*Asks:* 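The structure under discussion is supplied below as structure tokens; questions concerning it will follow.
Residues: numbered from 1 along the sequence shown. Both counts, for ligands and for their atoms, begin at 1 and track the order of listing. Since the structure is predicted, the reported quantities are computational estimates derived from the model, not experimental observations.
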Amino acid sequence: MSVRLAPSILSADFAALGDAVAAVERGGADLIHVDVMDGHFVPNITIGPPVVRSIKRVATVPLDVHLMIEEPDRYIEAFAEAGAAMMSVHVEVLPHLHRTVHAIKALGAQAGVVLNPSTPVAALEEIAGDVDYVLVMSVNPGFGGQTFIPRSEAKVREVRALLDRQGSRAAIEIDGGIDLANVARVVSAGASMIVAGSAIFHTPDPERAARELKAAALAGVSALRR
Ligand code: DX5
Ligand code: ZN
């Protein structure tokens, strides 16, 4: 298993996003995680397609767009056109999740589904075979800088078991409260896409923080092999 680091620009300086992206790319970022919030599904409001389009112009790695919004079907086309290579949607907002997942794929992007901390793993049962990745939220979505919910580690293992049972090779992404202290553990539980915001951007040197976090994540991969 390889591990991909996806720094979340939510915790970066929005007046200098280009610099933030360049710094974490030098530090080994494999993806840029973009948090889209609508003030309805989650309390916060962040950014939309125009900002994604601007980031796309400067980023050299794929953009991983996390849609924390109601009615994502209304926006996926705009985000795909803006340059999203991957888009994830929350199972909690979608009565027709299968349709949305396939609409994302039809736009040429990879499709992910997201589980809030209180959403059972069983919510994946009927969609596991259709998705490219599953995002396990390890905080309640809406804000950066929250504390990792310990139960999430076991949840990653349960998601991996469900995917394996169904013969799915979908990747598991984890998002929320990831730092140097817990990253190896979540990787050894089966997460291979690691989102981190404040642990990277709320440090004096985001490039170095990204490099250290990725090294720590890779230590978790070796634990997995043992
Ligand atoms: C939370 C967002 C996360 C957030 C992570 O709602 O989905 O991507 O930026 O930030 P940290 O790593 O600070 O918890
Ligand atoms: Zn996110």
*Asks:* I'd like to know whether Asp73 forms a salt bridge (Lys or Arg N to Asp or Glu O under 4.0 Å) with Arg99, so could you lay out the CA-CA distance, the side-chain angles of the two residues, the decisive distance to 0.1 Å, and finally the verdict.
*Replies:* CA-CA 9 Å; Asp73 303 281; Arg99 179 154 65 208; 5.8 Å; no

*Asks:* Side chains of Thr119 and Glu92: do they bring a donor and an acceptor to under 3.5 Å?
*Replies:* yes

*Asks:* Identify, by atom number and element, the atoms of ligand 1 in contact range of Pro141, meaning under 4.0 Å from any of its heavy atoms.
*Replies:* 6 (O)

*Asks:* Please check if any side-chain donor atom of Thr46 sits under 3.5 Å from a side-chain acceptor atom of Asp35, or the reverse.
*Replies:* no

*Asks:* side-chain contact (heavy atoms from CB on, under 4.5 Å) for Leu17 and Ile55? Distances and angles first, verdict last.
*Replies:* CA-CA 7 Å; Leu17 282 180; Ile55 298 168; 4.2 Å; yes

*Asks:* Is there at least one pair of N or O atoms, one from Asn140 and one from ligand 1, spaced under 3.5 Å apart?
*Replies:* no

*Asks:* Between Leu94, Val131, Val65, which is the residue that forms a side chain to side chain contact (heavy atoms under 4.5 Å, CB included) with Val89?
*Replies:* Leu94

*Asks:* Please identify which atoms of ligand 1 are closer than 4.0 Å to at least one heavy atom of His33.
*Replies:* 8 (O)

*Asks:* Looking at ligand 1, is there an atom of it that comes within less than 4.0 Å of some heavy atom belonging to Gly177?
*Replies:* yes

*Asks:* Using a 4.0 Å cutoff against the non-hydrogen atoms of Met68, which atoms of ligand 1 qualify?
*Replies:* 6 (O), 7 (O)

*Asks:* What protein N/O/S atoms sit under 2.8 Å from the Zn ion (ligand 2), by chain and number?
*Replies:* His33 NE2, Asp35 OD1, His66 ND1, Asp175 OD2

*Asks:* Salt bridge (Lys or Arg N to Asp or Glu O under 4.0 Å) between Lys155 and Glu158: does it pass, once the steps are laid out?
*Replies:* CA-CA 5 Å; Lys155 193 170 185 181; Glu158 289 165 22; over 6 Å; no

*Asks:* Tell me the protein heavy atom at minimum distance from atom 10 (O) of ligand 1, and give that distance in Å.
*Replies:* Gly144 CA, 3.6 Å

*Asks:* Can you tell me the protein heavy atom closest to atom 5 (C) of ligand 1 and the distance?
*Replies:* Asp175 OD1, 3.5 Å

*Asks:* Short list, please: which atoms of ligand 1 are under 4.0 Å from a heavy atom of Phe143?
*Replies:* 1 (C), 6 (O)

*Asks:* Return the residue, atom name and 0.1 Å-rounded distance of the protein heavy atom closest to atom 2 (C) of ligand 1.
*Replies:* Asp35 OD1, 3.4 Å

*Asks:* Same cluster or not: are Met137 and Val121 linked, directly or through other Ile, Leu, Val, Met, Phe, Trp or Tyr residues, by side-chain heavy atoms under 4.5 angstrom apart?
*Replies:* no

*Asks:* Find all atoms of ligand 1 within a distance of less than 4.0 Å from any non-hydrogen atom belonging to Ser198, and give their numbers and elements.
*Replies:* 11 (P), 12 (O), 13 (O)

*Asks:* Indicate the atoms forming the closest heavy-atom contact of Leu213 with Ala196, along with that distance.
*Replies:* CD2-CB, 3.3 Å

*Asks:* Counting neighbours of CD on Gln166 that are heavy atoms of other residues, nucleotides or ligands and sit closer than 6.0 Å, is the number greater than 12?
*Replies:* yes

*Asks:* Walk me through whether Phe14 and Ile47 qualify under side-chain contact (heavy atoms from CB on, under 4.5 Å).
*Replies:* CA-CA 10 Å; Phe14 273 34; Ile47 62 170; 3.4 Å; yes

*Asks:* What atoms of ligand 1 come within less than 4.0 Å of a heavy atom belonging to Met37?
*Replies:* 6 (O)

*Asks:* Using a strict 4.0 Å cut-off to heavy atoms of Val195, name the atoms of ligand 1 that fall inside it.
*Replies:* 8 (O)

*Asks:* As a check for students: among Ser8, Gly176, Ala6, identify the option with a heavy atom nearest to atom 9 (O) of ligand 1.
*Replies:* Ser8

*Asks:* What is the ring orientation for His66 with His33, classed by angle as parallel under 30°, tilted 30 to 60°, or perpendicular over 60°?
*Replies:* tilted

*Asks:* Counting N and O atoms only, with roles assigned by atom type, does the side chain of Ser222 sit under 3.5 Å from a partner on the main chain of Leu218, one being a donor and the other an acceptor?
*Replies:* yes

*Asks:* Show which atoms of ligand 1 fall inside a sub-4.0 Å distance from at least one heavy-atom site of Gly145.
*Replies:* 11 (P), 13 (O), 14 (O)

*Asks:* Can you tell me if His202 has a non-hydrogen atom under 4.0 Å from ligand 1?
*Replies:* no

*Asks:* Apply side-chain contact (heavy atoms from CB on, under 4.5 Å) to Asn182 and Asp179, showing your working.
*Replies:* CA-CA 6 Å; Asn182 58 26; Asp179 59 21; 3.3 Å; yes

*Asks:* Are any of the N or O atoms of Gly142 closer than 3.5 Å to those of ligand 1?
*Replies:* yes

*Asks:* Counting non-hydrogen protein atoms only, what is the nearest one to atom 12 (O) of ligand 1? Give residue, atom name and distance.
*Replies:* Gly197 N, 2.8 Å

*Asks:* Any sub-3.5 Å donor-acceptor pair from Asp38's side-chain atoms to Phe41's backbone N or O?
*Replies:* yes

